[in-house]
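Before any comments, here is the structure.
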Number of protein chains: 2
Amino acid sequence: MARRYDHHPEELHRLILAAGHAHLAEVGFFRFSAREVARRIGYSVGTIYHVFGTLDRLMFEINTITFRQWADLLECRLAVAGDRRLDALVEAYFDFAFEHRTLWQAIWAHQVPAGMILPERSAQDRSRLTAIVIAEVAAVLPEPRREEADQLARSLIATVHGHCDYALSGAFALMGTGSPIELAKARLQDALGAKQPQRGVS
Amino acid sequence: MARRYDHHPEELHRLILAAGHAHLAEVGFFRFSAREVARRIGYSVGTIYHVFGTLDRLMFEINTITFRQWADLLECRLAVAGDRRLDALVEAYFDFAFEHRTLWQAIWAHQVPAGMILPERSAQDRSRLTAIVIAEVAAVLPEPRREEADQLARSLIATVHGHCDYALSGAFALMGTGSPIELAKARLQDALGAKQPQRGVS
DNA sequence: CGTCTAATTAAACACCGTTCAATAACTATT
DNA sequence: AATAGTTATTGAACGGTGTTTAATTAGACG
């Protein structure tokens with residue numbers, strides 16, 4: 001026992017995160033197991049506790065990776081979007097959630113303990129998605145209302161989030177026409193349409 | 001071992017549900033324990049499995065109780081509401097979630113297994129909340145658009161849900177003016193305001 | 001070469017969900 | 001009333017979990 005320097009500390013940190021992220025994607029939040037992560041990388045559980053201190057911190061950092069990937073997707077989609085940029089954001093939001101269901105649900109399933117101190121870097125990664133939406137909402141708002149952008153953007157994110165969550169939980173299942181994603185777009189239109197006419201409105 | 005008829009089957013069923021509901025309210029979904037429920041009622045774990053077959057079924061029925069209480073609150077609030085009935089519904093939605101945080105979160109944390117067959121009674125209890133909102137949305141829509149009510153109501157529920165979930169998860173925490181509940185009301189106003197002018201609009 | 005530090009581990013603890021054979025209490029039949 | 005049959009209930013077992021800790025040992029430092 002007590003081998004060392006198979007991996008440098010940073011490397012080990014990344015190794016655990018990568019294995020943990022992959023494991024979480026496979027089995028989902030409720031069947032996630034720190035022991036299984038340890039098994040996968042050929043270390044013992046204790047090492048994970050040594051590196052992360054708490055399971056909550058490991059889960060938090062894994063979810064931060066997911067946040068980063070999610071924001072990356074939104075940026076990619078914006079880069080190739082036409083003039084209906086907010087619709088593109090809604091689609092990216094949904095697409096990520098549906099394509100990486102287990103990872104996305106883990107974000108919301110994990111309750112970060114009250115007192116936990118968050119690394120600055122993580123907070124930044126996690127707020128990127130919000131920042132992207134705020135910028136686009138601000139761009140769409142007419143000049144005098146631009147100071148609303150922050151609040152309004154968060155409200156619209158919550159709106160899309162609600163539709164996405166309901167769709168994944170099956171609550172929308174029995175509905176005929178009007179997919180959740182189209183309904184979400186319609187609600188954004190309701191909130192923004194009056195304030196700023198977009199081209200090509202459906 | 002093997003005492004009998006301390007409680008009739010129905011009584012035992014209710015006893016487990018009541019204890020389970022109370023336990024869930026205290027510790028939340030992630031620390032819920034079937035063994036603890038058994039301990040509380042003075043039976044062994046096996047009995048719970050005998051009565052409910054699966055932990056998932058027990059959790060499902062406990063959550064159904066929560067759904068029932070939630071719909072009850074909405075109805076009570078409607079009964080004493082003024083002319084801004086939808087605002088009253090939004091408030092009731094939030095109030096229940098905040099007052100019974102653990103129970104409310106358990107509803108969304110619990111993934112009902114795909115194949116599970118649901119008792120008719122439960123499905124009814126669970127759909128009541130939606131039905132209440134549909135009725136109020138229909139009442140507010142102008143005659144020609146009344147057939148939209150079903151879809152629109154679900155979309156508005158998703159909207160409020162998103163705001164509520166975000167608020168509880170702390171994502172709204174750092175915002176200045178404009179509480180989540182007021183933002184949710186504003187989004188409903190956006191969606192319905194144009195279609196039906198309400199008195200006393202803020 | 002010896003000392004110190006800290007990474008790593010095995011093992012232990014106290015739980016958990018789930019299953020199942022054994023048992024005892026009730027029911028039905030004679 | 002006695003017997004046979006049914007079934008509610010249990011304890012115990014199995015394999016898993018998160019978390020903690022003392023022991024070990026690889027590497028760093030003098």
Side-chain angles (χ1 to χ4, degrees), chain A residues 1-17 19-21 23-24 26-63 102 106 109-116, chain B residues 1-17 19-21 23-24 26-63 102 106 109-116:
Chain A
M1 55 196 99
R3 128 203 97 168
R4 266 231 246 167
Y5 273 110
D6 271 18
H7 308 91
H8 301 233
E10 290 182 14
E11 223 176 335
L12 186 51
H13 188 98
R14 273 196 299 271
L15 194 65
I16 295 173
L17 278 184
H21 198 251
H23 173 52
L24 182 63
E26 282 178 27
V27 307
F29 184 78
F30 298 101
R31 275 175 245 169
F32 180 88
S33 156
R35 287 185 125 102
E36 174 61 24
V37 174
R39 243 172 265 131
R40 283 180 176 224
I41 61 172
Y43 280 77
S44 77
V45 215
T47 298
I48 289 183
Y49 277 85
H50 183 66
V51 173
F52 286 91
T54 300
L55 244 209
D56 276 316
R57 194 172 240 91
L58 171 59
M59 189 51 90
F60 178 83
E61 295 210 25
I62 289 175
N63 283 340
T102 51
H110 183 228
Q111 301 269 73
V112 182
M116 211 177 103
Chain B
M1 54 195 99
R3 126 205 98 169
R4 267 230 249 167
Y5 274 110
D6 272 18
H7 308 91
H8 302 232
E10 288 182 15
E11 223 176 333
L12 186 51
H13 187 99
R14 274 196 298 269
L15 194 65
I16 294 173
L17 278 184
H21 197 251
H23 173 52
L24 182 63
E26 282 179 28
V27 305
F29 184 77
F30 299 101
R31 276 175 242 168
F32 181 88
S33 154
R35 286 184 126 103
E36 175 61 24
V37 174
R39 243 173 265 130
R40 283 179 177 225
I41 61 172
Y43 279 78
S44 76
V45 213
T47 298
I48 289 182
Y49 278 84
H50 183 67
V51 174
F52 286 91
T54 300
L55 245 210
D56 277 315
R57 193 172 241 90
L58 170 60
M59 190 50 90
F60 177 84
E61 294 209 26
I62 289 174
N63 282 341
T102 52
H110 183 228
Q111 301 269 73
V112 182
M116 212 178 103

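Quick note on labels: first sequence line is chain A, next is B, and so on, each numbered from 1.
- In this structure, A:Arg39 places its CZ atom 14 Å from P of C:dT9, rounding to the nearest Å.
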B:Glu61/B:Arg57 under salt bridge (Lys or Arg N to Asp or Glu O under 4.0 Å): CA gap, chis, key distance, verdict: CA-CA 6 Å; B:Glu61 294 209 26; B:Arg57 193 172 241 90; 5.1 Å; no
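- Ranking D:dG18, C:dT8, C:dT19 by closeness to the B:Tyr49 side chain, first place goes to C:dT19.
- At whole-Å resolution of the value, CG in A:Leu55 and P in C:dC15 are 18 Å apart.
- OP1 or OP2 of D:dG16 has not a single side-chain nitrogen or oxygen of A:Ser33 nearer than 4.0 Å.
- One can place CD1 of A:Ile48 at 17 Å from C1' of D:dT21, the figure rounded to the nearest angstrom.
- Spacing between atom NE2 of B:His7 and atom P of C:dC26 amounts to 13 Å, rounded to whole angstrom units.
- In summary, the aromatic rings of B:Phe60 and B:His110 are positioned with their centroids too far apart to meet the 6.0 Å limit.
- Relative orientation of the B:Phe32 and B:His23 rings is tilted, given thresholds of 30° and 60° on the angle between their planes.
- Of the possible donor and acceptor atoms, none in the side chain of B:His13 sits under 3.5 Å from a partner among the backbone N and O of B:Val51.
- For B:Arg31, the CZ atom counts as loosely surrounded, since its 6.0 Å shell holds 12 or fewer non-hydrogen atoms of other residues, nucleotides or ligands.
- Side chain of A:Val45, nearest nucleotide from C:dT8, D:dT19, D:dT10: D:dT19.
- With C:dA10, C:dG17, D:dA8 as the candidates, the nucleotide lying closest to the side chain of B:His50 is D:dA8.
- Atom CG of A:Leu12 and atom C1' of C:dA6 are 14 Å apart (whole Å).
- Here C:dG17 presents its P atom at 12 Å from NE2 of B:His110, a figure rounded to the nearest Å.
- Checked against C:dA7, C:dT18, D:dT9, the side chain of B:Arg35 finds its nearest nucleotide in C:dT18.
- One interatomic measurement links the two molecules: CE of B:Met59 to C1' of C:dC16, which rounds to 13 Å at whole-angstrom precision.
- As judged by a 4.0 angstrom heavy-atom cut-off over every strand, B:Phe32 is placed among residues touching the sugar-phosphate backbone only.
- In this model, the phosphate group of D:dT19 is not approached by any side-chain N or O of A:Thr54 to a distance below 4.0 Å at OP1 or OP2.
- At whole-Å resolution of the value, CD1 in B:Ile41 and P in D:dT9 are 9 Å apart.
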